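The block underneath contains the structure these notes are about, expressed in C-alpha cells.
Keep in mind that what you see is a predicted model, and the values were worked out from it rather than measured. Hydrogens, waters and symmetry mates play no part in the numbers below; they use all other heavy atoms, side chains included.
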Amino acid sequence: MMVRTGAQRLAEDRGLVPDGRLGLITNFTGVLPDLTPTSVALRAAGLPLTALFGPEHGLRGTAQAGASEAEGIDPDTGLPVFDTYLKEGEQLDELFADVDVLLFDIQDIGARFYTYVWTMYDCQQAAARLGKPFVVLDRPNPLGGVKVEGPMLQPGFESFVGRAPIPLRHGLTVGELAKQLGEATVVTVEGWQRDSTVTGLPWVPPSPNMPTPDTALVYPGTGLFEGTNLSEGRGTTRPFETIGAPYVDDRLVPALQACDLPGVIFRRTWFEPVFSKHAGQPVSGVQLHLVDREAFEPVRTALVMLRVLKELYPDDFGLLPSLDKLWGSDSLTKALEAGDDPLDLLPPATTPADWVRPGVLLYERTV
C-alpha cells in the first residue's frame with residue numbers, strides 16, 4: 001500500500017477536521033506526495049484556510065539555524081504568514097486569535113533537539129489555553145518508529161531544544177508526540193508501519209543543514225557536536241556527517257575505526273566551513289559513511305567519537321554550555337571532563353512502547 005500522509009488525506013476529505021477558520025503551522029516540508037504545498041492543496045479542496053504560521057528557518061526555509069523569515073503574505077495562497085519562532089505564552093495566543101482550529105504539518109526527523117517538535121508543542125499549549133482544537137497532519141518518522149536511543153530530558157534542562165521529557169531519539173511521529181505531550185487530534189498516515197524507513201515519499205530537506213536521509217540518521221548523535229568546539233559540518237555540503245577542528249590530525253580515523261562501531265566507517269577529510277564554527281579556516285576531521293543504516297547507532301557512535309577526541313586531544317578538545325541542553329542533563333559534560341567513559345551514561349536500547357503513555361502509539365510494527 002502506498003503511503004498517504006495526513007495532509008494528503010485531509011485534502012481528499014475535508015471532514016477529517018472540525019469546522020471553522022483554519023490556521024496552518026507549516027513550512028516548505030508541508031507538501032503532498034506530488035510536492036504541491038499543503039496550503040495550496042487545502043485551499044484548492046475548499047477548506048477555510050485563513051492564515052499560515054512558520055517555524056524556525058521560516059515558511060520557505062531561507063533562514064539559517066537560530067533565525068526565521070519576516071512576516072508577510074504568502075504568494076502561493078495570498079494568506080498572511082506569521083512567525084512563531086521563539087514566541088510563547090501570550091505572544092502565541094495573540095497570533096492565533098483569529099483562527100478557530102490549528103493544523104500542524106511539518107516534517108520532523110526523530111531527534112529531541114530538532115526544534116520543529118517544540119514549535120508544535122508550544123502551539124499545542126496555546127491551543128489548549130485558548131480552547132481551540134489542535135490537529136496534527138501526521139507524517140512518517142524518517143528514522144523509523146522502532147528504535148529509541150539516548151537519555152530522557154531531565155528537569156531543569158528544558159529549552160527550545162527540549163521542552164519535555166522525551167528520549168534523544170524518540171521513535172515517534174509528530175502525531176504520536178502530540179498525543180504524548182498533550183491533547184491533539186491526529187489525521188494519521190496510511191500505509192506506514194513502525195519498522196519502515198522507506199516511505200516512497202520524496203525527500204524534502206527539512207532544514208538548511210539537513211540535506212539527506214543519511215544526515216537525518218546521524219543527527220541524533222552528531223548533533224551533540226554543536227556543544228563542542230569542533231565544527232559539526234555547518235557551512236559544508238555534508239553537515240553533521242562531517243566533524244572536525246583545526247587541531248585534528250591523522251590519528252583520529254584509525255582510532256575510530258579500531259572501535260568497530262556498527263554500520264559506519266570513517267574517512268579522513270579536510271574542509272573549510274563557509275559559516276559557523278571555524279568559518280574560513282582549513283579544518284581537518286572525519287566524515288561518517290553509513291554502510292548499514294539498520295545496524296548504525298547514532299547516539300552510541302557520537303559518544304565514542306567524543307571519548308576518542310577527548311583522549312587524543314585533551315588540551316584542545318573543548319565543551320560548550322549548550323551541550324547540557326542538547327544531552328538533556330549535565331551528566332555528559334561531567335563524564336567527559338572527568339575522563340569517564342560516556343558510554344556508561346547510555347541507557348539500554350528500547351522501543352517507543354517502553355516510554356510512552358497508553359494509547360499514544362498509532363502505527364503497528366510489521367511482523
Side-chain angles (χ1 to χ4, degrees), residues 25 55-56 84-89 92 104 106 108-129 134 136 138-139 141-184 186 194 216 219-224 226-227 297-300 302-303 306 319-336 342-363:
I25 305 153
E56 183 181 12
T84 70
Y85 183 50
L86 297 182
K87 292 183 174 69
E88 52 186 308
L92 281 180
F104 181 90
I106 298 178
D108 180 40
I109 65 162
R112 183 181 66 224
F113 42 61
Y114 205 56
T115 64
Y116 292 156
V117 296
W118 304 116
T119 289
M120 178 183 72
Y121 176 76
D122 288 347
C123 295
Q124 182 181 14
Q125 295 295 303
R129 288 191 299 271
F134 189 83
V136 177
D138 212 6
R139 294 180 171 273
N141 183 328
L143 306 188
V146 173
K147 295 181 180 179
V148 171
E149 293 184 70
M152 301 287 280
L153 178 78
Q154 296 302 303
F157 293 89
E158 297 88 353
S159 72
F160 196 56
V161 291
R163 295 277 203 224
I166 68 173
L168 206 161
R169 177 182 179 179
H170 51 72
L172 302 183
T173 67
V174 286
E176 291 173 326
L177 267 176
K179 289 175 68 68
Q180 172 70 17
L181 298 172
E183 292 295 324
V186 180
R194 304 206 71 80
Y219 180 73
T222 55
L224 294 170
E226 294 192 72
E297 299 174 86
V299 181
R300 175 178 294 276
L303 293 182
L306 290 166
L319 304 177
L320 305 177
S322 57
L323 181 61
D324 294 349
K325 292 181 180 179
L326 294 166
W327 184 246
S329 77
D330 59 2
S331 63
L332 179 54
T333 294
K334 289 179 177 179
L336 290 168
L343 285 181
D344 293 339
L345 304 175
L346 195 62
T350 59
T351 68
D354 296 314
W355 73 272
V356 301
R357 296 184 293 104
V360 162
L361 300 184
L362 299 171
Y363 308 95

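Using a 4.5 Å cut-off on side-chain heavy atoms (C-beta onward), Glu149 and Pro220 make no contact. Proximity of Pro342 to Leu336: side-chain heavy atoms (C-beta onward) are separated by under 4.5 Å at one or more points. In this structure, the side chains of Leu143 and Ile109 stay at 4.5 Å or more apart for every pair of heavy atoms. Between Asp108 and Thr173 the shortest side-chain heavy-atom distance does not fall below 4.5 Å. Side-chain contact check for Asp122 versus Arg163: some heavy-atom pair is nearer than 4.5 Å. Taking the side chain as every heavy atom from C-beta outward, Glu88 and Phe160 never approach each other to under 4.5 Å. Between Leu332 and Leu303, some side-chain heavy-atom pair lies under the 4.5 Å cut-off.
Residues satisfying the side-chain hydrogen bond (donor to acceptor under 3.5 Å, both in side chains) criterion with Arg112, sequence neighbours excluded, are absent altogether. Contacts of Trp327 classified as side-chain hydrogen bond (donor to acceptor under 3.5 Å, both in side chains), with partners at least two apart in sequence or in another chain: Ser331. Residues forming a side-chain hydrogen bond (donor to acceptor under 3.5 Å, both in side chains) with Thr84 (at least two apart in sequence, or on another chain): none. Listed by chain and number, the residues in a salt bridge (Lys or Arg N to Asp or Glu O under 4.0 Å) with Arg300 are Glu297 (sequence neighbours excluded). Contacts of Tyr114 classified as ring-ring contact (aromatic ring centres under 6.0 Å, His included), with partners at least two apart in sequence or in another chain: Tyr116, Tyr219.
Note: Phe113 CZ to Leu153 CG = 12.0 Å, rounded to the nearest 0.5 Å. To the nearest 0.5 Å, atom CE of residue Met120 and atom OG1 of residue Thr115 are 12.0 Å apart. Atom CZ of Phe157 and atom CE of Met152 lie 15.0 Å apart (nearest 0.5 Å).
Arg129 places a side-chain N or O within donor-acceptor distance of the main-chain N or O of Gly89, the cut-off being under 3.5 Å. Listed for the Gln124 side chain is no donor-acceptor partner under 3.5 Å among the backbone atoms of Leu181. Panel note: side chain Glu158, backbone Ala164; no donor-acceptor pair is recorded below 3.5 Å. The backbone N or O of Leu362 lies less than 3.5 Å from a partner atom in the side chain of Glu176, making a donor-acceptor pair.
Heavy atoms only, all atoms of each residue included: Leu168 and Gly150 are closest at CB-CA, 4.1 Å. Pairing each heavy atom of Leu326 with each of Gly223, the nearest pair is CD1-O, 3.7 Å. Considering every non-hydrogen atom in both Gly227 and Leu323, the closest pair reads O-CB, 3.6 Å.
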Name every donor-acceptor pair, under 3.5 Å, that has one atom in a side chain of residues 348-360 and the other anywhere in the protein, sequence neighbours excluded.
from, atom 1, to, atom 2, distance (Å)
Thr351, OG1, Asp354, OD2, 3.2
Asp354, OD2, Thr351, N, 2.9
Trp355, NE1, His170, O, 3.3
Arg357, NE, Gln180, O, 3.4
Arg357, NH2, Lys179, O, 2.1
Arg357, NH2, Gln180, O, 3.4

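If you check the side chains of Asn141 and Tyr363, you find no donor sitting under 3.5 Å from an acceptor.
Summarising the local packing, NZ of Lys87 is surrounded by more than 12 heavy atoms from other residues, nucleotides or ligands at distances under 6.0 Å.
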